Amino acid sequence: MEEKQHIGQLFDRIASTYDGLNHGLSMNIDRFWRRKTVKEMQPAAHVLDVAIGTADLTIEMLRRGKAEKVTGLDLSDRMMAIGEEKCAKHKMNVTFVHGNAQEMPFENAFFDGVTCAFGCRNFSDLDAGLREMYRVLKPGGQVTILEFSYPTNRFVRNLYDLYFTRILPGVGRIVSRDKTAYTYLNRSVKSFCWGETFVQHLHDAGFGNEHFIPLSLGIATIYTAIK
Ligand SMILES: C[S@@+](CC[C@H](N)C(=O)[O-])C[C@H]1O[C@@H](n2cnc3c(N)ncnc32)[C@H](O)[C@@H]1O
């Protein structure tokens, strides 16, 4: 099966339990991370939220007035259907587009800002995804990325490993009734790059003025950069 089809189907399978598991298992820390990410965004008229999923980041940026209008891109129709329902409830101006972050169906320099929360580590080719973000962004626009990272403190690392290797796959399997999805999520977190290494990928994609802010002792990190 093609990689992108596989990822889309994986998230389709867990879509109905995704929000509840996210907020429950993180004890709502994920909400705080998204709020902080939105604070780091420069205001932009039209934002592309890559891997929009169930639209939590989009809702936060529209609520805080950081974007006037958002287009969301994702491979999972079920994740987007839930996002669409949530945005409709809030009467928010959001367009949902099915597509691959590594081959975006948008013109060059189309968006004033680009965001991506917990999407990048799922790309089969991170550099292709970042190059696409750069391509569709207007010059001077900002990319803002939120992603899991690996804590440097040994004690926090042990807790993190316990959480991602035992608690998340176990609870995820029971609640989502999917045998493999949360094991995959665990593997994708541990094998992904973070910090200076991720910044180097942003730089290689063409971005400048890169910054990163570790959150919650390095469990997650916000990256910003300018085209
Ligand atoms: C962990 S969820 C994050 C969703 C949302 N941004 C959030 O903060 O909750 C990852 C999302 O990325 C999407 N995704 C993964 N790879 C993708 C790709 N190559 N192109 C577009 N979407 C992708 C998945 O379908 C899923 O909805």
Side-chain angles (χ1 to χ4, degrees), residues 7 11 22 26 29-44 46-62 64 66-67 70-76 79 83 97 99-104 106 110-151 185 188-227:
I7 290 286
F11 280 98
N22 250 0
S26 76
I29 295 174
D30 65 310
R31 292 187 202 267
F32 158 75
W33 289 340
R34 288 194 189 81
R35 269 203 301 278
K36 179 88 180 110
T37 303
V38 165
K39 271 195 188 146
E40 296 303 320
M41 283 174 68
Q42 70 184 23
H46 189 183
V47 171
L48 171 67
D49 190 10
V50 178
I52 184 172
T54 58
D56 275 355
L57 188 73
T58 287
I59 290 169
E60 188 64 24
M61 71 179 89
L62 286 166
R64 306 275 160 202
K66 285 296 179 95
V70 178
T71 295
L73 180 76
D74 206 289
L75 282 173
S76 164
M79 291 285 279
V97 177
N100 186 358
Q102 292 146 188
E103 284 169 81
M104 296 190 197
F106 306 116
F110 192 71
F111 296 99
D112 304 291
V114 173
T115 57
C116 185
F118 304 117
C120 288
R121 72 173 192 284
N122 298 295
F123 301 168
S124 53
D125 183 345
L126 171 66
D127 294 317
L130 295 180
R131 277 197 304 270
E132 279 294 83
M133 292 184 197
Y134 184 85
R135 181 183 67 75
V136 301
L137 189 59
K138 289 181 185 164
Q142 182 184 291
V143 65
T144 311
I145 293 171
L146 172 63
E147 194 46 89
F148 281 111
S149 38
Y150 203 43
L185 288 180
S188 72
V189 168
K190 285 200 72 177
S191 58
F192 196 63
C193 64
W194 74 93
E196 293 291 357
T197 314
F198 190 89
V199 163
Q200 187 59 50
H201 284 274
L202 283 168
H203 193 77
D204 294 345
F207 289 104
N209 204 10
E210 311 91 346
H211 293 283
F212 69 99
I213 307 169
L215 304 172
S216 307
L217 298 166
I219 295 172
T221 299
I222 298 168
Y223 303 88
T224 62
I226 305 288
K227 176 168 177 179

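For clarity, every value in this text was computed on a predicted model and none was experimentally measured. All values below come from the heavy atoms of this structure, side chains included, with hydrogens, waters and symmetry mates left out. We count residues from 1, following the sequence as given.
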Quick check against the 3.5 Å criterion: does E60 have a side-chain atom that pairs as donor or acceptor with the backbone of V38? no
Who are the side chain to side chain contact (heavy atoms under 4.5 Å, CB included) partners of F106, not counting sequence neighbours? L48, T71, L73, V97, M104, F111, V136
Can you name the closest pair of heavy atoms from E210 and H203 and give their distance? OE2-ND1, 2.7 Å
Walk me through whether I145 and L202 qualify under side chain to side chain contact (heavy atoms under 4.5 Å, CB included). CA-CA 10 Å; I145 293 171; L202 283 168; 4.1 Å; yes
Show your working on side chain to side chain contact (heavy atoms under 4.5 Å, CB included) between Y223 and V199 and close with a plain yes or no. CA-CA 8 Å; Y223 303 88; V199 163; 4.1 Å; yes
Can you see which heavy atom on C193 is nearest to which on H201, and at what distance? SG-CD2, 3.8 Å
For a quick test of reading the model, state the closest non-hydrogen atom pair linking M133 to C116 and the distance between them. CE-CB, 3.9 Å
Minimum side-chain heavy-atom gap C120-F198 below 4.5 Å: yes
Approximate separation, where rounding is to 0.5 Å, of E40 CD and T115 OG1: 14.0 Å
W194 versus S149, closest heavy-atom pair with distance: CB-CB, 3.4 Å
Could you work out, with side chain to side chain contact (heavy atoms under 4.5 Å, CB included) as the rule, every residue matching R34, not counting sequence neighbours? Y18, N22, H23, D30, D56, L57, F118, L146
Would you say the side-chain atoms of Q102 pair up with the backbone N or O of S124, donor to acceptor, closer than 3.5 Å? yes
Where is the tightest heavy-atom contact between A44 and G113, given as atom of each residue plus distance? CB-N, 4.0 Å
Salt bridge (Lys or Arg N to Asp or Glu O under 4.0 Å) pairs touching residues 130-143, sequence neighbours excluded, are D112-K138, E132-R135
Pairwise distance CD1(I226) to CZ(F207) - rounded to 0.5 angstrom: 9.0 Å
For F123 and L130: C-alpha separation, side-chain torsions, deciding distance, then whether side chain to side chain contact (heavy atoms under 4.5 Å, CB included) applies. CA-CA 10 Å; F123 301 168; L130 295 180; 5.7 Å; no
What's the separation between atom CG in D74 and atom CD1 in I52, rounded to the nearest 0.5 Å? 8.0 Å
Less than 4.5 Å apart, side chain to side chain, heavy atoms only: is that true for M61 and D49? yes
Can you tell me how far apart OH (Y134) and CG (D204) are? Round to the nearest 0.5 Å. 12.5 Å
Straight-line distance of K36 NZ to I222 CD1, nearest 0.5 Å: 5.5 Å
Verify, without hydrogens or angle tests, whether Y150 (side chain) and A220 (backbone) share a donor-acceptor contact under 3.5 angstrom. no
Shortest non-hydrogen contact from G119 toward A51: CA-CB, 3.8 Å
Ignoring hydrogens and geometry, is there a side-chain-to-backbone donor-acceptor pair from K227 to G141 under 3.5 Å? no
Do any N or O atoms from the side chain of S216 and from the backbone of I219 form a donor-acceptor pair under 3.5 angstrom? no
Side chains of N122 and L75: closer than 4.5 Å at any heavy-atom pair? no
Has Q142 got a side-chain atom pairing as donor or acceptor with T224's backbone, closer than 3.5 angstrom? no
Measuring from atom NZ of K39 to atom CD1 of I213, what distance do you get when rounded to the nearest 0.5 angstrom? 11.0 Å
